[in-house]
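As the structure is a prediction and not an experimental result, all values here were calculated from the model. For this chain, numbers begin at 1 and follow the sequence in order.
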Amino acid sequence: MNDNDNALFNQSLEKGLAVLRAFDAQRRTMNLAEVAEAAGINKSSAQRMIHTLEALGYVRKHPQTKRFQLTPRVMEIGYNYLAADTLVDVANPFLAELAQVTGETTNLTEPDGVEMVYVARFVAPKFIPIHMPIGSRIPMYCTGSGRAYLSALEDGEVRELLAASELQRHTQQTLVDPEAILAQVSMTRAKGYAINNEELFLGDMTIAAPILGSQGRPVASVHVVAPTSRWTQEEAERRLAPAVIECARAIRTSIRTL
């Protein structure tokens with residue numbers, strides 16, 4: 001049964017959330033017509049949603065331009081998720097230790113659909129080419145953390161996720177052939193860690209390992225950023241991969257004791 005066919009499904013709430021999601025880096029401010037188009041709803045619905053969200057403090061209108069934008073109150077929703085996420089609490093000290101041991105930035109990502117979402121991050125003082133704040137989303141198919149997560153799934157599940165993904169080239173290094181990606185996932189499964197060498201961003205290389213839950217299913221990935229300006233792939237695999245694997249295992253063990 002589709003959500004729209006479910007008598008309990010609230011379409012007004014769906015539209016309100018669509019309006020909130022419509023604002024992003026490309027659409028920082030919008031007028032009413034732009035909100036309606038971006039959210040995929042008619043102008044009348046957009047007006048009702050915007051009025052409600054403005055009254056609740058999630059949206060404000062600029063007094064001069066009359067254009068709408070999000071307010072910091074929107075972050076409360078995301079923060080509440082992080083505050084309630086036991087995995088983040090458990091992982092933080094291990095991520096901090098991993099950052100200290102490697103001298104590089106460490107991250108925790110969790111799956112959402114065909115993407116991985118950053119939920120924890122310890123930034124090293126050294127330069128990193130790409131800034132990925134908490135809440136950033138990256139595709140599974142061409143990232144270290146994504147392939148680490150995929151490696152802990154059955155091949156059938158991996159194929160389904162790849163089929164649902166928009167496989168596009170981000171750099172000349174990006175693998176977009178499903179069979180080539182599956183081969184990388186199999187290699188990750190054998191090694192216990194994944195590597196992404198400039199497939200998403202130039203200058204960016206990561207080493208990642210999956211975190212398994214109590215049922216043996218993957219729940220997240222941990223990864224270390226190894227900029228190509230400082231690391232060769234051989235060095236990163238030799239020096240960083242063992243620490244990343246150990247961090248993922250320590251987090252898994254701690255989860256089991258809860």
Side-chain angles (χ1 to χ4, degrees), residues 2-89 92 95 105-140 143 145-146 165-166 168 170-171 200-204 225:
N2 294 328
D3 285 337
N4 291 338
D5 297 329
N6 190 330
L8 295 177
F9 188 80
N10 190 312
Q11 292 186 335
S12 293
L13 178 57
E14 178 189 32
K15 291 176 182 177
L17 291 173
V19 168
L20 289 178
R21 290 198 302 268
F23 291 89
D24 57 23
Q26 286 71 47
R27 296 184 293 252
R28 300 175 190 270
T29 68
M30 290 187 282
N31 60 33
L32 196 59
E34 291 168 338
V35 168
E37 181 180 3
I41 58 180
N42 61 47
K43 194 171 181 179
S44 176
S45 292
Q47 186 175 36
R48 292 196 302 274
M49 297 304 115
I50 281 289
H51 175 78
T52 302
L53 291 168
E54 186 177 13
L56 293 173
Y58 292 104
V59 170
R60 62 170 170 249
K61 184 195 295 185
H62 192 282
Q64 278 78 45
T65 66
K66 307 299 181 184
R67 295 175 68 83
F68 298 99
Q69 66 185 78
L70 298 179
T71 72
R73 179 167 290 186
V74 172
M75 296 179 67
E76 179 183 24
I77 301 171
Y79 174 77
N80 286 346
Y81 171 78
L82 296 176
D85 189 348
T86 304
L87 178 58
V88 172
D89 281 343
N92 274 335
L95 292 173
T105 295
T106 60
N107 306 272
L108 180 72
T109 60
E110 294 182 359
D112 182 25
V114 296
E115 297 176 310
M116 302 297 287
V117 182
Y118 281 73
V119 294
R121 181 172 174 85
F122 283 80
V123 181
K126 298 178 182 178
F127 168 78
I128 52 176
I130 306 297
H131 176 55
M132 300 295 287
I134 301 301
S136 298
R137 309 172 75 89
I138 54 175
M140 285 183 183
T143 58
S145 60
S165 303
E166 185 179 350
Q168 58 179 321
H170 297 275
T171 73
L200 187 59
F201 301 110
L202 293 176
D204 181 63
V225 179

Of all heavy-atom pairs between [X] and [Y], which one has the smallest distance, and what is that distance?
| X | Y | answer |
| --- | --- | --- |
| F23 | F68 | CE2-O, 3.3 Å |
| P129 | G203 | CG-O, 3.4 Å |
| Y81 | V119 | CE2-CG1, 4.3 Å |
| L53 | G16 | CD1-O, 3.9 Å |
| V35 | A46 | CG1-CB, 4.2 Å |
| G146 | M116 | CA-CG, 3.7 Å |

I need the [X] [atom1] to [Y] [atom2] distance, nearest 0.5 Å.
| X | Y | atom1 | atom2 | answer |
| --- | --- | --- | --- | --- |
| R121 | S136 | CZ | OG | 7.5 Å |
| N31 | K43 | CG | NZ | 7.5 Å |
| L17 | M49 | CG | CE | 10.0 Å |
| T29 | K61 | OG1 | NZ | 13.0 Å |
| T143 | F201 | OG1 | CZ | 10.0 Å |
| D204 | I130 | CG | CD1 | 6.0 Å |

How far apart are the C-alpha atoms of I41 and V19, what are their side-chain angles, what is the distance that settles it, and do they pass the side-chain contact (heavy atoms from CB on, under 4.5 Å) test? CA-CA 9 Å; I41 58 180; V19 168; 3.9 Å; yes

A quick test of your reading: do over 12 heavy atoms of other residues, nucleotides or ligands sit less than 6.0 Å from [atom1] of [X]?
| X | atom1 | answer |
| --- | --- | --- |
| E166 | CD | no |
| Q47 | CD | no |
| E34 | CD | yes |

Residue from R27, R28, M30, R60 passing side-chain contact (heavy atoms from CB on, under 4.5 Å) with Q69: R60

If we check side-chain contact (heavy atoms from CB on, under 4.5 Å) with L108, which of these qualifies: N92, L95, D85, I134? L95

Does some side-chain heavy atom of [Y] sit less than 4.5 Å from a side-chain heavy atom of [X]?
| X | Y | value |
| --- | --- | --- |
| N107 | M132 | no |
| M140 | S165 | no |
| E76 | N80 | yes |

Whether the side chain of [X] engages the backbone of [Y] through a donor-acceptor N/O pair (distance < 3.5 Å, no angle test) should be reported.
| X | Y | result |
| --- | --- | --- |
| T171 | L202 | no |
| E115 | D112 | no |
| T71 | G57 | yes |

Side chains of R48 and S44: is there a donor and an acceptor less than 3.5 Å apart? yes

